[in-house]
Amino acid sequence: MAGNGFSVSGYGPQRGGMWTRLSARDSVVRRLDWPLLLSAIALSFVGSLLVWSATRNREALNHGDPYYFLFRHVLNTGIGLALMVGTIWLGHRTLRGAVPVLYGISVVLVLLVLTPVGATINGAHAWIVLGGGFSIQPSEFVKITIILGMAMMLAARVDAGDLVHPDHRTVAKSLGLALVPMAIVMLMPDLGSVMVMAVIVLGVLLASGASNRWILGIIGTGVIGAVAVAALGVLDEYQINRFAAFANPELDPAGVGYNTNQARIAIGSGGLSGTGLFKGSQTTGQFVPEQQTDFVFTVAGEELGFLGAGLILLLLGVVLWRACRIARETTELYGTIVAAGIIAWFAFQSFENVGMTLGIMPVAGLPLPFVSYGGSSMFAVWVAVGLLQSIRVQRPITA
């Protein structure tokens, strides 16, 4: 089923008359996963209110404009939605053929971070400053290229009917593809992003049907690697301090443990229904650092209370539920693997972000998907939603 505008078969625009165009466009709209889309939009909308509350009176950040971050967050969301539409229009199958180019671009970008072009923001040397107050974090886009690249390799012979499951050689090649950008990101060092990528790799391999020996081997290697990283001093001091504060919450409450302690106070003060939007004493008093980005969930906990914070978790749950349904219903392994990688990404990053504000996970500098302020993160998650929607739109229609 195809028409001019969107192609349900997934290869961009096709030719046809006006009625065909309208019919195809309507077909695509009907086949979108609306619970997924509306939940993601709702998360971004709530995020804009939380970001606004966290930054409206922080003149050192907003340059004297209380709407500075609100405008940019809404703009980032709008660009993200446009990227989603573009991704659906191209289709995940078309992007499959562009993986080598996308992979090469992402590797070059993360390499540029290690050059004088790279910049340090909030303690992490993981950014490229573009000027005019704009910057990009290439590691966010690496998550997408790892998913697409591994899916392309692992599914090639299976979707062609040559194999039932990926063989050991294919799995090894796909792991090599993922390890190259992961190693570069680790050199920044951006431990949080590497953690997410490692979980993505595990999710992709599980969905591909690879041998359990690979899964167990990766987990064992990860444990050994974590010990080696700590022993060899690869991590920066601030990252080591974050883990120390997680292991001992009472350690230096005015120093390395300050963020976590203030986050707990903010969330705990919200009670059931919260203090009211813009009325949180912790938020208004600017006690929680990075509250518009990594610690945005504390604004929800304080000002919207248990009910508001629970709504955010519910919406994230809907996104994951619909993504799981898309992964289960697609008939091609490539689509299943792509969806599974996105599920692993969203699930772990959400758990880590919320967990670090509650003190049950170490602070890793990861944004809350759709909610936290940040262009690179927002663009990446909306491209991921576009991939999920493309997988759903392009699945065969059953009678």
Side-chain angles (χ1 to χ4, degrees), residues 47 110 113 120-127 137-143 146 178 181-203 219 222-223 225-230 232-249 251-252 255-264 266-267 288-301 312-313 316 341-374 376-378 380-381:
V110 290
V113 175
T120 300
I121 299 177
N122 298 329
H125 190 78
W127 302 81
Q137 188 177 7
S139 58
E140 290 292 337
F141 305 104
V142 169
K143 299 170 187 175
I146 286 178
M182 288 175 66
I184 299 171
V185 173
M186 192 66 223
L187 292 175
M188 294 179 183
D190 185 354
L191 181 60
S193 293
V194 172
M195 290 168 58
V196 176
M197 293 173 195
V199 173
I200 287 173
V201 169
L202 283 174
I219 294 174
V223 173
V227 174
V229 165
L232 296 174
V234 175
L235 300 180
D236 285 343
E237 184 178 357
Y238 80 94
Q239 292 174 315
I240 296 174
N241 290 338
R242 284 177 174 178
F243 282 98
F246 169 68
N248 181 11
L251 176 66
D252 192 11
V256 296
Y258 178 81
N259 287 19
T260 302
N261 289 331
Q262 293 301 319
R264 287 176 174 175
I267 293 176
V288 184
E290 307 305 327
Q291 208 169 9
Q292 76 276 16
T293 53
D294 300 345
F295 286 90
V296 71
F297 191 73
T298 62
V299 186
I312 291 175
L313 296 180
L316 287 168
I342 294 170
I343 293 166
W345 166 14
F346 285 6
F348 177 77
Q349 190 160 313
S350 299
F351 178 76
E352 163 60 30
N353 178 276
V354 174
M356 73 182 186
T357 64
L358 299 176
I360 62 174
M361 291 292 286
V363 176
L366 293 174
L368 186 60
F370 304 102
V371 182
S372 293
Y373 174 80
S376 297
S377 173
M378 187 68 77
V381 295

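Basis for what follows: all heavy atoms, side chains included, without hydrogens, waters or symmetry-related copies.
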Determine whether L202 and I219 satisfy the following criterion, side-chain contact (heavy atoms from CB on, under 4.5 Å), listing intermediate values before the conclusion.
CA-CA 8 Å; L202 283 174; I219 294 174; 4.3 Å; yes

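A344 and G203 make their closest contact through CB-CA, 4.2 Å (heavy atoms, listed as atom of the first residue, atom of the second, distance). In plain terms, the two heavy atoms of V288 and A263 that are nearest each other are CG2-N, 4.4 Å. Looking at every heavy atom in both residues, V194 comes nearest to V185 through CG2-CG1, 3.8 Å. Between G359 and T260, the shortest heavy-atom distance links the atoms CA-CG2, 4.0 Å.
With rounding to the nearest 0.5 Å, the separation of CZ in F346 from CD1 in I200 is 9.5 Å. Between the CD1 atom of I267 and the CZ atom of F295 there is a distance of 9.0 Å, given to the nearest 0.5 Å. With values rounded to the nearest 0.5 angstrom, M182 atom CE is found 11.5 Å from D190 atom CG. Rounded to the nearest 0.5 angstrom, T298 OG1 and Q292 CD are separated by 10.0 Å. Here the CG atom belonging to L368 is positioned 8.5 Å from the OG1 atom belonging to T357, to the nearest 0.5 angstrom. To the nearest 0.5 Å, atom OG of residue S193 and atom CE of residue M186 are 10.5 Å apart.
Between V113 and I184 there is no side-chain heavy-atom pair separated by less than 4.5 Å. Considering only heavy atoms from C-beta on, F297 stays 4.5 Å or farther from M356 through its side chain. The shortest side-chain heavy-atom distance between M188 and V110 falls under the 4.5 Å cut-off. Under the 4.5 Å side-chain criterion, counting only non-hydrogen atoms from C-beta, V381 is in contact with W345. Looking at M197 and S139, their side chains come closer than 4.5 Å, going by heavy atoms from C-beta outward. Inter-residue side-chain proximity for L358 and R264 is flagged as unmet; no heavy-atom pair is nearer than 4.5 Å. Looking only at side-chain heavy atoms (C-beta outward), S376 and F141 come within less than 4.5 Å of each other.
Using modelled atom types and a 3.5 Å distance limit, the side chains of Q137 and S377 yield no donor-acceptor pair.
Here the side chain of E352 pairs no donor or acceptor atom with the backbone of M361 at under 3.5 angstrom. Of the possible polar contacts, one joining the N353 side chain to the D294 backbone as a donor-acceptor pair under 3.5 Å is found.
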